[in-house]
Amino acid sequence: MTKFEQKVLKFCRKIPQGKVSTYKILAQAVGRPKAARAVGNALNKNKMPIKVPCHRIVKSNGQVGGYVKGQNSKIKLLRNELIKIKNGLIDLNSYLYPAPEKYKKL
DNA sequence: CCTGGGGCAGCCG
DNA sequence: ACGGCTGCCCCAG
């Protein structure tokens with residue numbers, strides 16, 4: 001496992017239950033602002049959803065995004081954490097962590 | 001709403 | 001080591 005992946009997973013674990021983050025934010029957190037896709041790759045490759053709650057990572061536009069066990073599975077997990085999803089969309093204003101300014105203008 | 005192109009770590013030949 | 005392809009993406013038009 002590479003350094004990059006480790007960083008990604010580590011940040012994942014910091015996300016509190018009931019909150020979500022985005023691939024982009026994760027990318028920024030690991031120092032690779034433009035590597036959102038690579039981040040997704042890392043999460044996908046990890047394949048250890050029990051220890052690493054990668055279901056709390058969604059797209060920056062609020063869509064659910066993909067998941068190893070399927071989007072539907074991901075949605076269930078999120079709902080299970082009291083996160084409301086309307087038609088495949090998550091309200092980032094309410095759930096986003098660490099909540100950057102640009103998402104707070106509601 | 002849809003289309004196209006960019007950018008990045010990993011994997012494979 | 002090298003080049004090309006891929007994928008839980010992002011953003012501008």
- [ ] Test side-chain contact (heavy atoms from CB on, under 4.5 Å) on Leu82(A) and Gln17(A) and set out the steps.
- [x] CA-CA 9 Å; Leu82(A) 308 182; Gln17(A) 180 175 312; over 6 Å; no
- [ ] Report the residues that fulfil side-chain hydrogen bond (donor to acceptor under 3.5 Å, both in side chains) with Lys45(A), sequence neighbours left out, ordered by chain and then residue number.
- [x]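 Residues passing side-chain hydrogen bond (donor to acceptor under 3.5 Å, both in side chains) with Lys45(A): Glu5(A).
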Task: With sequence neighbours excluded, residues passing side-chain hydrogen bond (donor to acceptor under 3.5 Å, both in side chains) with Ser73(A) - done: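 Ser73(A) satisfies side-chain hydrogen bond (donor to acceptor under 3.5 Å, both in side chains) with no other residue.
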If hydrophobic clusters are built from ILVMFWY residues whose side chains come within less than 4.5 Å, do [X] and [Y] share one?
X	Y	result
Val30(A)	Tyr97(A)	yes
Val68(A)	Val64(A)	no
Leu96(A)	Ile85(A)	yes

Open item on the list: Check the phosphate of dC11(C) against Ser60(A), side-chain N and O only, distance under 4.0 Å to OP1 or OP2. Yes or no?
Closed with: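 For dC11(C), OP1 or OP2 has a side-chain N or O of Ser60(A) closer than 4.0 Å.
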- [ ] Dot-bracket notation for DNA chain B is requested: 5' to 3', Watson-Crick or G-U wobble pairs only, both distances under 3.5 Å, with ( ), [ ], | and . as defined.
- [x] .|||||.||||||
Task: Audit row: Val52(A), Val8(A), side-chain contact (heavy atoms from CB on, under 4.5 Å) steps and yes/no - done: CA-CA 10 Å; Val52(A) 184; Val8(A) 172; over 6 Å; no
- [ ] Please work out which residues in residues 6-20 of chain A have a non-hydrogen atom less than 4.0 Å from an atom of DNA chain B and list them by number.
- [x]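 The answer is none.
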TODO: Could you tell me which residues satisfy salt bridge (charged side-chain N to carboxylate O under 4.0 Å, His left out) with Lys76(A), sequence neighbours excluded, listed by chain and number?
DONE: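 Lys76(A): no salt bridge (charged side-chain N to carboxylate O under 4.0 Å, His left out) contacts found.
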- [ ] Could you list all the salt bridge (charged side-chain N to carboxylate O under 4.0 Å, His left out) pairs where at least one residue sits in residues 48-63 of chain A, not counting sequence neighbours?
- [x]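 Every salt bridge (charged side-chain N to carboxylate O under 4.0 Å, His left out) pair that includes a residue of residues 48-63 of chain A, provided the two are not neighbours, is Arg56(A)-Glu81(A).
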TODO: Give, ordered by number, those residues of residues 67-75 of chain A having at least one heavy-atom distance below 4.0 Å to an atom of DNA chain C; if nothing qualifies, reply none.
DONE: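 Per residue number, the list reads Tyr67(A), Val68(A), Lys74(A).
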TODO: Go through residues 33-44 of chain A and report each residue with a non-hydrogen atom lying under 4.0 Å from DNA chain C, sorted by number.
DONE: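 Listed by number, they are Ala36(A), Arg37(A), Ala38(A), Gly40(A), Asn41(A), Leu43(A), Asn44(A).
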In whole angstroms, how far is the [atom2] atom of [N] from the [atom1] atom of [X]?
X	N	atom1	atom2	result
Lys59(A)	dC11(C)	NZ	P	11 Å
Gln63(A)	dC9(C)	CD	C1'	11 Å
Gln28(A)	dC9(C)	CD	P	16 Å
Leu92(A)	dC10(C)	CG	P	10 Å
Ile57(A)	dG7(C)	CD1	C1'	16 Å
Leu26(A)	dG7(C)	CG	P	20 Å
Leu78(A)	dC8(C)	CG	C1'	12 Å

Task: Exceeds 12 heavy-atom contacts within 6.0 angstrom, atom NZ of Lys19(A) - done: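 Counting neighbours around NZ of Lys19(A), more than 12 heavy atoms of other residues, nucleotides or ligands fall under 6.0 Å, so yes.
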Within this structure, what is the [atom1]-[atom2] distance for the pair [X] and [Y], rounded to the nearest 0.5 Å?
X	Y	atom1	atom2	result
Ile83(A)	His55(A)	CD1	NE2	7.0 Å
Lys74(A)	Ile57(A)	NZ	CD1	7.5 Å
Asn87(A)	Gln63(A)	CG	CD	10.0 Å
Asn80(A)	Ile75(A)	CG	CD1	13.0 Å

- [ ] Find out whether Leu43(A) and Leu26(A) are in side-chain contact, i.e. whether some heavy atom of one side chain is under 4.5 Å from a heavy atom of the other.
- [x]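 Contact flag for Leu43(A)/Leu26(A) side chains = yes.
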- [ ] Please examine the side chains of Asp91(A) and Lys86(A), heavy atoms only from C-beta on, and report whether any two atoms are closer than 4.5 Å.
- [x]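 SC-SC contact between Lys86(A) and Asp91(A) ruled out.
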Give every donor-acceptor pair under 3.5 Å between a side-chain atom in residues 33-42 of chain A and any protein atom, sequence neighbours left out.
none

Using atom names, set out every protein N or O paired with an N or O of nucleotides 11-13 of chain B below 3.5 Å, distance rounded to 0.1 Å.
from: dC11(B); atom 1: OP1; to: Lys45(A); atom 2: NZ; distance (Å): 2.5

If you restrict it to nitrogen or oxygen atoms, what contacts under 3.5 Å exist between nucleotides 1-3 of chain B and the protein, and what is each distance?
none

- [ ] Could you identify which residues cluster with Leu77(A), counting Ile, Leu, Val, Met, Phe, Trp and Tyr as linked when any side-chain heavy atoms lie under 4.5 Å apart, either directly or through a chain of such contacts?
- [x]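 Noted: Leu77(A) shares its cluster with Tyr67(A).
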